[in-house]
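Structure record follows, encoded as structure tokens.
Sequential numbering from 1 along the given sequence is applied to the chain's residues. Computed from heavy atoms alone, side chains included, the values below leave out hydrogens, waters and symmetry copies.
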Amino acid sequence: MDEDGEIVLIDAAKRFGAYTALHPTNLVISRGQAVLLVGANGAGKSTLLRLVAGLSRPSDGEVHINGHDLQDAPEARSAIGLLSHQTLLYDELTARENLRFFARLYGLDNVQKRLDEALAKARLGDRQHHRVSSFSRGMKQRLALARATLHRPSILLLDEPFTGLDVGSGTALREFLHLFRGNGGTCILVTHRLDEADGIVDRLLVLERGHLRLDQALSGDLNQLYAHCAHYMDSAL
């Protein structure tokens, strides 16, 4: 894992024509923190994640990863792993072929060893030569997690990662996140179910119409804090 895991936004904003999806935002997320990002639909959650992931350029301001401006040092993206409800896997390839493809994109060494370890951790060693199209939702998500962490990132971005998972797969993902944090990893988690974040996150960010309205450390019952800030969010959250 990289030495750092710091995320810094400096007046970062994103506009689409006349529409401002994210107003100028200043934010520092330190190494080892796990942040819950919430807000109503259209609040700017996905926009913020895409800026941090380097998938979108800020219209104004800067995004720094581990002390490097993503626009000046795109290699800083190698510190980031992205996991969402969309697995980004290729159904026509086998589990092992999927991971090998991404290993080449990342330019990794010791590829065979990494693949063996990743497939074992995902509990897919016996299915590694099966096409992903035959996998259950839980199996696909375990493989997607292996893909997102194959390059051993220091930062993990999770966009509704629990969607469609059964109890066992959800528990496995939570256990992984606890381990990732224990090793100093930094997380940003977007989820509409606060119970999925309970015990994982230590900070809450609330976005409303592209504005960062609340940035608060979590100390105590997550549901109480949800009740405190629920007026920022719609009923779907």
[X] versus [Y]: any side-chain heavy-atom pair under 4.5 Å?
X	Y	answer
His211	His23	yes
Leu150	Leu115	yes
Asp91	Lys140	yes
Arg137	His85	yes
Leu83	Pro161	yes
Leu49	Val190	yes
Leu204	Val35	no
His192	Val38	no

Testing the 3.5 Å rule here: is there a donor-acceptor pair between the side chains of [X] and [Y]?
X	Y	answer
Glu62	His64	yes
His178	Arg181	no
Gln33	Thr186	no

Would you kindly confirm whether [X] and [Y] end up in one hydrophobic cluster when ILVMFWY residues are joined by side chain heavy atoms under 4.5 Å apart?
X	Y	answer
Ile65	Val8	no
Leu158	Leu194	yes
Ile7	Leu27	yes

Can you check whether [Y]'s main-chain N or O pairs, donor with acceptor, with [X]'s side chain at less than 3.5 Å?
X	Y	answer
Lys45	Thr191	no
Asn26	Asp11	yes
Gln141	Gly164	no
Glu175	Ala172	no
Asp60	Ala12	no
His151	Ile80	yes
Arg114	Asp109	yes
Arg142	Ala122	yes

Give a yes or no on whether Arg174 atom CZ has more than 12 heavy-atom contacts from other residues, nucleotides or ligands under 6.0 Å away.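 Enclosed.
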
Can you confirm whether Arg127 is buried at CZ, in the sense that more than 12 heavy atoms of other residues, nucleotides or ligands lie under 6.0 Å from that atom? yes

Salt-bridge contact Glu117-Arg152 (side-chain N to carboxylate O under 4.0 Å):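 Between Arg152 and Glu117 there is a salt bridge, with a charged N closer than 4.0 Å to a carboxylate O.
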
Do the rings of Phe101 and Tyr90 sit parallel, tilted or perpendicular, given the 30° and 60° boundaries?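 Correct class here is perpendicular.
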
For Phe16 and Tyr19, take the angle between the two ring planes, folded into 0 to 90°, and tell me which bin it lands in: parallel under 30, tilted 30 to 60, perpendicular over 60.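 Phe16 vs Tyr19 ring planes: parallel.
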
Given Asp116, which partner from the list Arg96, Lys121, Arg100 fulfils the salt bridge (charged side-chain N to carboxylate O under 4.0 Å, His left out) test?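 So the option named by the test is Arg96.
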
From [X] [atom1] over to [Y] [atom2], what is the distance, rounded to the nearest 0.5 angstrom?
X	Y	atom1	atom2	result
Arg104	Leu99	CZ	CG	12.0 Å
Arg50	Leu22	CZ	CG	13.0 Å
Glu75	Asn66	CD	CG	11.0 Å
Leu143	Leu89	CG	CG	4.5 Å
Leu145	Leu177	CG	CG	7.5 Å
Glu196	Leu173	CD	CG	9.0 Å

Please walk me through it: do Arg213 and Glu208 pass salt bridge (Lys or Arg N to Asp or Glu O under 4.0 Å)? CA-CA 6 Å; Arg213 296 298 192 191; Glu208 182 187 36; 3.1 Å; yes

At their closest point, which heavy atom of [X] faces which heavy atom of [Y], and how far apart are they?
X	Y	answer
Leu82	Arg147	O-NH2, 3.0 Å
Val111	Ala103	CG1-CB, 4.0 Å
Gly32	Asp202	O-OD2, 4.4 Å

